[in-house]
Peer 1: 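My questions will all concern the structure given below.
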Amino acid sequence: MNIYADIRALVTQELDALATEGLLPEGLSFDNVAVEPPRDPLHGDMATNAAMVLAKPAKKKPRDIAEALAERLAADPRIVTADVAGPGFLNLRLAPSVWADVVRAVLAEGDDFGRSQMGQGKRINVEYVSANPTGPLHVGHTRGAVFGDALASLLAFAGHEVTREYYINDGGGQVDTLARSVYLRYLEAHGQEVAFPDGTYPGDYLIATGQALKEKVGDAYVDQPESVWLQEVRNFATEAMMALIREDLAALGVKMDKFYSEKSLYGTGRIEAALKALEDKGLIYEGVLEPPKGKKPEDWEPREQTLFKSTEHGDDVDRPVKKSDGSWTYFAPDIAYHFDKVERGFDALIDVFGADHGGYVKRMKAAVSALSDGKVPLDIKLTQLVKLYKNGEPFKMSKRAGTFVTLRDVVDQVGPDVTRFVMLTRKNDAPLDFDFDKVLEQSKDNPVFYVQYAHARIKSVLRKAQAAGIAIDDATLGAADLSGMTNAAEITLAAKVAEWPRLLEIAARTNEPHRIAFYLYELAGDLHALWNRGNDEPELRFLQEDNPATSQAKIALARAVSVVISTGLGILGVTPMEEMR
RNA sequence: GGUCGCUUAGCUCAGCUGGAUAGAGUGUCGCCCUCCGAAGGCGAAGGUCAUAGGUUCGAAUCCUAUAGCGACCGCCA
């Protein structure tokens, strides 16, 4: 049940009726007609801009349309009053029974309340994390992992068929560097003194990998040239790093549907096929790029390369797919990978990148646009930097990696639930402050705590009711007489619950899971407000020990809130707490 | 130099395909509680939505320019 959609359907139905009566022209588009909560609750429960939106195309005064519409709407039993306000807003006040219906709907639908069909079963591929397999995940990856995972869940809840995918960059020079670094650790495991030159990975996390390599191959590679061991060590090391990364993801509660190997694109004709597809569209040519404008690199010289004419699909300059020595640039396999995604039949693609890949967005979109003839949209979401703090002081230390803070450093300290929720308390494209102490603080300005506390409070009420011998199963609560739910704080809370399906669709449409976190915070705030009223007005308390029927009615509302919190947290990948300690 | 993103209350940030007097938390100030569901409650003050133009009946929201901050910018991925 989505009350906003229901009322909007009513509005458009009555607009049609007005058209039939001749008060509006036939065939008007109602696409821009919105039914939403008014900014000021004093204005009513819902507002519609229908009259203002239609005034121009209908060539009528907004207020005339609004008044005619108001009269028709007021005839509906769900609507108590319909008032024209301001320039032509129509404010609707709903019958209390509407909110009771919402509560009953939540209890009946359970975790499915708010589930939407807006996705129409469209297949969406969400690619996220995709960190190079050269070491443990760090905080930046953590944000991308949380964001991508929540986004995928959100889209699935909104009726899409979602594939969560990780692209393993195991085909480029960085895995050779990894192999050489592991080789040094391997020599070290054999008792040799080693130094880590610039361009190798000195992190401690490779010590175990070098040791494991020794256990596998003994001294077979000691003092041997690269030609003997490079390929084997590369495979060994990459697998070890991916195992590490999978563990990191598991610690955060992220589970991918598919890991896609860049290496699998080489030597299989996949890259050639993708570039052939572009060539057939006349988008590949041999040419020389202009030097970057402004400050010129010192060693700049013109070079002829194989280029992709990405400018025809919105990019600023054409991009090389082959280096001057004839080998592929990193862009070429990425094109092939996205070609593969298009060929797998996805209706839409989403890539979640770190902010340092910002310069990469246009060319990737250009490639997908070209490869799919503009049929498959690619949305690229960038996650901005995470700034770490401890006690308000900038924090930069890692025992594991030496140079960066890892996902494990964060998750081990504050747990996966807090990590995930906090990472979603900002828009993805805004920098995020993460303070190890504040996120664990038990106070109102900590959103994680505040939302979890609301859920735990409701669970506590349910436990106490049960202990008092009151039946609290959803069927019983759903059958309770809710006509007594008339207090303003109760209505506010129920109305906030009713917003959930609408909010979910907005979040899904904009690919912005953070909206759920903010909504849950507001919902929790409304619950706490009602709870606090119970201090002064005992009749507002959820549990009325001497009156089971009234208790059930009040607990029905609380239970509905807990269902929505639980569902919302579930989408964010956060486990709702049964009690706080 | 170019591209992209950001700029909203003292601070940290929301702000719905453009809509009414721009919201929340925190901080500040006042009141309440201190035996009960107070890891608080009620209320107040606090804004040139970076700046300047433009589009519109209507702009924090869309467009243009400028400033500041950040990321990125041909053989690293």
Side-chain angles (χ1 to χ4, degrees), chain A residues 31-32 34 36-40 42-43 47 49 52-53 55-56 61-62 85-89 91 130-132 134 169-175 177 199 262 288-297 299-303 305 307 315-320 322-331 333-334 354-362 380 382 384-385 425-427 429-433 435 438 441-447 449-450 453 457 460-461 464 499 502-503 505-507 509-510 512 514-515 517-519 521-522 525 528-529 531-536 538 541-543 580:
Chain A
D31 289 352
N32 290 327
E36 48 196 8
R39 187 161 300 197
D40 187 341
L42 291 174
H43 291 144
N49 60 358
M52 282 179 289
V53 172
K56 199 171 188 180
K61 288 182 183 170
F89 277 97
N91 291 323
S130 296
N132 288 343
T134 55
N169 288 109
D170 54 4
Q174 78 283 3
V175 283
T177 303
E262 174 192 0
V288 179
L289 283 177
E290 295 286 313
K293 288 168 186 165
K295 51 182 173 185
K296 195 185 280 189
D299 58 348
W300 170 269
E301 53 188 63
R303 264 188 299 266
Q305 295 171 292
L307 299 166
D315 204 356
D316 306 307
V317 292
D318 292 340
R319 304 292 177 176
K322 265 188 188 176
K323 303 174 189 172
S324 51
D325 66 2
S327 65
W328 301 117
T329 63
Y330 61 91
F331 188 34
D334 282 357
D356 56 342
H357 284 64
Y360 200 51
V361 170
K362 279 192 178 180
I380 298 183
L382 300 177
Q384 268 292 343
L385 295 178
T425 53
R426 285 288 174 278
K427 297 182 283 215
D429 52 7
L432 170 76
D433 289 346
D435 190 308
K438 281 190 180 163
E441 208 170 87
Q442 299 201 333
S443 71
K444 193 174 178 178
D445 60 329
N446 180 358
F449 165 77
Y450 201 57
Y453 185 36
R457 269 185 156 170
S460 167
V461 167
K464 282 186 180 167
E499 257 184 68
R502 178 173 182 276
L503 177 110
E505 291 196 346
I506 292 170
R509 191 174 59 231
T510 53
E512 293 183 338
H514 77 274
R515 290 175 188 270
F518 282 95
Y519 165 82
Y521 183 70
E522 290 169 13
H528 291 308
W531 185 286
N532 289 326
R533 291 284 296 276
N535 292 329
D536 297 329
R541 297 184 180 188
F542 294 113
L543 185 55
M580 308 291 289

Peer 1: At under 4.0 Å between heavy atoms, what does A:Gly173 touch on the DNA or RNA strands: base, sugar-phosphate, or nothing?
Peer 2: sugar-phosphate

Peer 1: For A:His357, which contact category applies under a 4.0 Å heavy-atom criterion: base, sugar-phosphate, or nothing?
Peer 2: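 Base, at least one base heavy atom under 4.0 Å.
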
Peer 1: For B:rU55 versus B:rC63, give the span between their C1' atoms, rounded off to a whole number of Å.
Peer 2: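 So the two C1' atoms sit 7 Å from each other.
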
Peer 1: Report the secondary structure of RNA chain B in dot-bracket form, marking unpaired bases with a dot and bases paired to a different strand with |, and treating Watson-Crick or G-U pairs with both distances under 3.5 Å as paired.
Peer 2: (((((((..((((.....[...)))).(((((.......))))).....(((((..]....))))))))))))....

Peer 1: Please give, in whole Å, the distance from B:rA14 P to A:His514 NE2?
Peer 2: 6 Å

Peer 1: Considering only atom P, compute the distance from B:rC29 to B:rU66 and round it to an integer number of Å.
Peer 2: 45 Å

Peer 1: Taking the side chain as C-beta and beyond, is there a heavy-atom pair between A:Leu289 and A:Leu307 under 4.5 Å?
Peer 2: yes

Peer 1: Among B:rC75, B:rA39, B:rG19, which nucleotide has an atom closest to any side-chain atom of A:Tyr330?
Peer 2: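 Selected nucleotide (nearest to the side chain): B:rC75.
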
Peer 1: Can you find a pair of side-chain heavy atoms, one from A:Glu262 and one from A:Tyr330, that are under 4.5 Å apart?
Peer 2: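 No, their side chains stay 4.5 Å or more apart.
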
Peer 1: Can you tell me how far apart OG1 (A:Thr134) and CG (A:Asp170) are? Round to the nearest 0.5 Å.
Peer 2: 11.5 Å

Peer 1: What's the closest nucleotide to the A:Phe89 side chain, out of B:rC75, B:rG19, B:rA14?
Peer 2: B:rG19

Peer 1: With C1' as the reference atom in both, quote the distance from B:rC49 to B:rU7 in angstrom, rounded to an integer.
Peer 2: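 About 10 Å, rounded to a whole number of Å.
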
Peer 1: Should A:Arg457 be listed as having a side-chain N or O under 4.0 Å from OP1 or OP2 of B:rA39?
Peer 2: no

Peer 1: Establish whether the base of B:rC16 is bridged to the side chain of A:Arg502 by a donor-acceptor pair shorter than 3.5 Å.
Peer 2: yes

Peer 1: Compute both the distance and the angle, then confirm whether A:Lys322 meets the cation-pi test with A:Trp328: under 6.0 Å from the six-membered ring centre, within 45 degrees of the axis.
Peer 2: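 Judged by the rule, A:Lys322 and A:Trp328 form a cation-pi pair.
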
Peer 1: Using a heavy-atom cut-off of under 4.0 Å over every strand shown, decide if A:Glu262 touches base, sugar-phosphate, or nothing.
Peer 2: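 Sugar-phosphate, no base atom in range.
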
Peer 1: Looking only at the side chain of A:Tyr453 (C-beta and beyond, no hydrogens), which of the listed nucleotides B:rA39, B:rC6, B:rC16 gets closest?
Peer 2: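 When the side chain of A:Tyr453 is considered, B:rA39 is the closest of B:rA39, B:rC6, B:rC16.
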
Peer 1: Which part of the nucleic acid does A:Ala355 contact within heavy-atom distance under 4.0 Å: base, sugar-phosphate only, or nothing?
Peer 2: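 Touches sugar-phosphate only.
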
Peer 1: The side chain of A:Ala430 lies closest to which of these nucleotides: B:rA14, B:rG74, B:rG41?
Peer 2: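 Among the listed nucleotides, the one closest to the side chain of A:Ala430 is B:rA14.
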
Peer 1: Side chains of A:Asp429 and A:Leu382, heavy atoms from C-beta outward: is any pair under 4.5 Å?
Peer 2: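 Side-chain contact under 4.5 Å: no.
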
Peer 1: Rounding to an integer number of angstrom, what distance separates B:rC13 and B:rG18 when you compare their P atoms?
Peer 2: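 Going atom to atom, P in each nucleotide, I get 26 Å.
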
Peer 1: Are A:Tyr521 and A:Thr425 packed together at the side-chain level, in the sense that at least one heavy-atom pair is separated by less than 4.5 angstrom?
Peer 2: no

Peer 1: Mind checking if A:Lys322 touches a base, just sugar-phosphate, or nothing, with heavy atoms under 4.0 Å?
Peer 2: nothing

Peer 1: In whole Å, what is the span from the NE2 atom of A:His528 to the P atom of B:rG41?
Peer 2: 9 Å

Peer 1: How far, in whole Å, is B:rA65 from B:rC4 if one measures between their P atoms?
Peer 2: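 The answer is 10 Å between these two P atoms.
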
Peer 1: For B:rA77, does either OP1 or OP2 sit under 4.0 Å from a side-chain N or O belonging to A:Lys323?
Peer 2: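 For A:Lys323, the contact criterion (side-chain N or O under 4.0 Å from OP1 or OP2 of B:rA77) is met.
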
Peer 1: Have a look at A:Ala529 and say if it touches a base, only the backbone sugar-phosphate, or nothing, with a 4.0 Å heavy-atom cut-off.
Peer 2: nothing

Peer 1: When you get a sec, tell me which of B:rA77, B:rG19, B:rU17 is the closest nucleotide to the side chain of A:Asn132?
Peer 2: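 The answer is B:rA77.
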
Peer 1: Is it true that a side-chain atom of A:His528 and a backbone atom of A:Tyr453 form a donor plus acceptor pair closer than 3.5 Å?
Peer 2: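 Looks like no, no N/O pair under 3.5 Å.
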
Peer 1: Which of the following nucleotides, B:rA24, B:rU56, B:rU7, is nearest to the side chain of A:Lys56?
Peer 2: B:rU56

Peer 1: Considering only the P atoms, how many Å lie between B:rA9 and B:rA50, rounded to the nearest integer?
Peer 2: 8 Å

Peer 1: Measuring only the C1' atom in each nucleotide, how far is B:rA39 from B:rG43? A whole number of Å is fine.
Peer 2: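 B:rA39 and B:rG43 have their C1' atoms separated by 23 Å.
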
Peer 1: What's the gap between B:rG23 and B:rC32 when it is taken at their C1' atoms, as a whole Å value?
Peer 2: 26 Å

Peer 1: Provide, to the nearest angstrom, the distance between the CE atom belonging to A:Met52 and the C1' atom belonging to B:rU56.
Peer 2: 13 Å

Peer 1: Picking from B:rA20, B:rU3, B:rG41, which would you name as closest to the side chain of A:Asn532?
Peer 2: B:rG41

Peer 1: Take the protein atom OH of A:Tyr519 and the nucleotide atom C1' of B:rC16, then report the distance between them rounded to whole Å.
Peer 2: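 One finds 14 Å between C1' of B:rC16 and OH of A:Tyr519, rounded.
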
Peer 1: Look at all strands and tell whether A:Gly534 reaches a base, only sugar-phosphate, or nothing, counting heavy atoms closer than 4.0 Å.
Peer 2: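 It contacts nothing in the nucleic acid.
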
Peer 1: Of A:Val461 and A:Leu382, whose nearest nucleotide on RNA chain B comes first from the 5' end?
Peer 2: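 First, find each residue's nearest nucleotide; the 5'-ward one identifies A:Leu382.
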
Peer 1: Tell me: CZ of A:Arg319 to C1' of B:rU3, nearest whole Å?
Peer 2: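 Between C1' of B:rU3 and CZ of A:Arg319: 9 Å.
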
Peer 1: Rounded to the nearest angstrom, tell me the gap between atom CZ in A:Phe518 and atom C1' in B:rG25.
Peer 2: 10 Å

Peer 1: Using the closest heavy atom to pick a nucleotide of RNA chain B for each, name whichever of A:Asp433 or A:Arg541 lands nearer the 5' end.
Peer 2: A:Asp433

Peer 1: Starting the side chain at C-beta, find the nucleotide from B:rA71, B:rC16, B:rC6 nearest to A:Asp356.
Peer 2: B:rA71

Peer 1: Check whether the side chain of A:Asp334 and the base of B:rA77 form a donor-acceptor pair under 3.5 Å.
Peer 2: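 Per atom types, no contact qualifies.
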
Peer 1: Given B:rA77, B:rC13, B:rA20, identify the nucleotide with an atom nearest to the side chain of A:Arg426.
Peer 2: B:rC13

Peer 1: Return the value, rounded to whole Å, for the distance between atom NZ of A:Lys427 and atom P of B:rG70.
Peer 2: 19 Å

Peer 1: Hey, could you give me the CG/CD distance between A:Leu503 and A:Glu522, rounded to the nearest 0.5 Å?
Peer 2: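 One finds 8.5 Å between CG of A:Leu503 and CD of A:Glu522.
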
Peer 1: Send over the distance from A:Tyr521 OH to B:rC13 P, rounded to a whole Å.
Peer 2: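 Taking OH of A:Tyr521 and P of B:rC13, I get 14 Å after rounding.
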
Peer 1: Main chain of A:Ile506, side chain of A:Thr510: is a donor-acceptor contact present, judged purely on distance under 3.5 Å?
Peer 2: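 A pair under 3.5 Å: yes.
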
Peer 1: For A:Tyr519, is there any backbone N or O sitting under 3.5 Å from a side-chain donor or acceptor partner on A:Glu499?
Peer 2: no

